[in-house]
Amino acid sequence: MARGIRVYTTPDVRKEASRLDAVAAALRARDHDPILVDAFTLDDLRRTLAATVADGDERIVVVGGDGLVHHATQAIAGTDTALAVVGSGSGNDFARALGLATDVDGAVEAALAPTVALDALRCEHGWVASVATLGFSATVNHLANKLPPAMGSARYSAATVVELPRLRRATLRCTLDDGEPFDLEATLVAIANTDYFGGGMEIVPGADPADGALDVVTIGAVGRLTLARYLRKIFSGSHIGHPAVATHRVRRIRIEGDDGGAGVWGDGERLGPLPVTFEVVPGALHVAGARLPRNP
């Protein structure tokens with residue numbers, strides 16, 4: 001049997017013994033010895049991930065959602081350790097954007113496939129694998145994370161309904177690459193490496209996480225009803241081109257100002273406060289089985 005491959009998960013997924021048993025069985029069937037890593041706290045997770053990278057493991061498997069992908073990215077971005085994802089979270093936006101299978105057998109097959117070098121976003125608060133966001137989307141994420149994981153992606157819909165009446169606008173100053181700063185009043189800002197965030201919202205249709213650029217999408221100072229219409233359109237990507245929506249493709253963005261109180265979020269996890277500077281780092285992540293437009 002091949003060298004053991006470390007499998008990371010979360011307490012919520014670990015409770016679903018049948019799914020973990022299925023992942024382990026699928027790995028053994030492919031001549032791999034799964035080593036289930038106990039990481040019941042964030043500190044444990046960071047410590048064990050750092051140890052895995054230090055040991056020179058070629059790849060790790062994470063069984064969970066975007067939050068687990070985010071924490072794994074902090075340890076492996078910029079290293080030779082590859083990331084394999086068996087999606088089992090409430091959003092699974094990273095796995096969705098990379099065309100990774102949702103069934104265990106297909107996901108494990110992808111987890112052992114050749115890797116693809118992808119970009120990652122880096123800021124003062126750490127790394128982001130998929131999408132960073134602030135404004136209304138951040139307040140929704142904050143509330144959604146407090147709701148029961150069993151709700152799945154419905155957590156984001158429920159949080160949206162609660163937060164919409166309390167809508168606040170962010171008053172920002174932005175600098176794109178080496179351009180001149182400009183002021184922006186926005187209800188939502190997304191800095192994207194991949195297509196999806198918020199449990200299936202297609203914020204940047206066709207985003208290429210291997211193009212050496214980041215995509216910035218802003219929704220301007222709109223009211224509650226208008227924002228609600230935009231949010232419905234984001235699920236199909238049809239918000240692009242509407243008057244209050246602006247898009248930019250850059251390598252770096254600096255954001256200062258009042259973010260509305262929720263801070264900056266990435267991959268569904270809180271990053272920290274403004275000011276923040278995001279830059280794209282080409283080839284920082286090696287992801288097993290990723291399918292891109294140029295690599296179907």
Side-chain angles (χ1 to χ4, degrees), residues 65-66 69-70 73 85 87 91-100 116-123 127-138 140-141 144 153 156 160 170 172 174-177 179 184 186-220 222 227 229-255 264-269 271 276-285 287 290-296:
D66 297 313
V69 168
H70 176 78
T73 298
V85 180
N92 295 325
D93 288 315
F94 186 73
R96 179 183 292 107
L98 300 184
L100 300 177
V116 178
L118 304 180
D119 306 334
L121 309 183
R122 182 171 59 191
C123 72
W127 294 89
V128 176
S130 54
V131 179
T133 186
L134 58 96
F136 180 74
S137 45
V140 167
N141 215 319
S153 60
Y156 299 100
T160 297
L172 308 171
C174 303
T175 306
L176 304 178
D177 289 332
L184 172 68
T187 54
L188 183 153
V189 178
I191 303 99
N193 187 40
T194 59
D195 312 51
Y196 297 98
F197 80 149
M201 302 179 96
E202 195 173 6
I203 188 66
V204 182
D208 184 350
D211 62 358
L214 53 85
D215 293 277
V216 179
V217 176
T218 66
I219 297 180
V222 299
L227 179 60
R229 287 195 293 268
Y230 276 120
L231 293 176
R232 286 196 295 270
K233 291 178 181 295
I234 292 175
F235 278 100
S236 63
S238 59
H239 61 294
I240 300 297
H242 284 259
V245 178
T247 62
H248 308 273
R249 295 187 76 251
V250 296
R251 292 183 59 84
R252 184 176 67 253
I253 180 172
R254 169 81 171 169
I255 307 175
V264 183
W265 290 63
D267 306 323
E269 300 292 305
L271 297 177
V276 66
T277 301
F278 285 98
E279 63 175 340
V280 63
V281 182
L285 279 178
V287 180
R291 291 186 290 170
L292 304 178
R294 57 177 173 79
N295 183 32

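All values below were derived from every heavy atom in this structure, side-chain atoms included, with hydrogens, water molecules and symmetry-related copies excluded.
Nearest heavy-atom pair across R251 and G212 is NH1-O, 3.0 Å. Heavy atoms only, all atoms of each residue included: H239 and E202 are closest at CE1-O, 3.1 Å. For A192 against V204, the heavy-atom pair with the smallest separation is CB-CG2, 3.6 Å. Contact record, A246 with H248: CB-NE2, 4.3 Å, taken as the closest heavy-atom pair. Scanning both residues, F278 and A132, for their nearest heavy atoms gives CZ-CB, 3.5 Å. Heavy-atom minimum distance, H70 versus G266: ND1-O, 3.6 Å.
Rounding to the nearest 0.5 Å places CG of N92 at 6.0 Å from CG of D66. Summarising the geometry, atom CZ belonging to F136 is positioned 5.5 Å from atom CG belonging to L231; distances are rounded to the nearest 0.5 Å. Atom CZ of residue F197 and atom OG of residue S130 lie 10.0 Å apart, to the nearest 0.5 angstrom. One finds the CE atom of M201 at 10.5 Å from the CZ atom of R232 (value rounded to the nearest 0.5 Å).
Exactly one of D267, I203, D93 qualifies for a side-chain contact (heavy atoms from CB on, under 4.5 Å) with V131. That residue is I203. Residue W265 is tested with L271, V128, L134, T133 for a side-chain contact (heavy atoms from CB on, under 4.5 Å); the sole match is T133.
Counting only residues at least two apart or in different chains, side-chain hydrogen bond (donor to acceptor under 3.5 Å, both in side chains) contacts with residues 186-195 are absent.
Side-chain contact check for L172 versus T218: every heavy-atom pair is 4.5 Å or farther apart. Proximity of L292 to L118: side-chain heavy atoms (C-beta onward) are separated by under 4.5 Å at one or more points. Using a 4.5 Å cut-off on side-chain heavy atoms (C-beta onward), W127 and L285 make no contact. When side chains are defined from C-beta on, V264 does not count as touching I255, because their heavy atoms never get closer than 4.5 Å. In this structure the side chain of T73 never reaches within 4.5 angstrom of the side chain of F94, judged on heavy atoms. V116 places none of its side-chain heavy atoms less than 4.5 Å from the side chain of L98. T247 places none of its side-chain heavy atoms less than 4.5 Å from the side chain of D215. Counting heavy atoms from C-beta on, the side chains of R249 and D211 come closer than 4.5 Å.
Between D177 and R252, none of the side-chain N atoms (NZ, or NE/NH1/NH2) sits under 4.0 Å from a carboxylate O, so this pair counts as no salt bridge.
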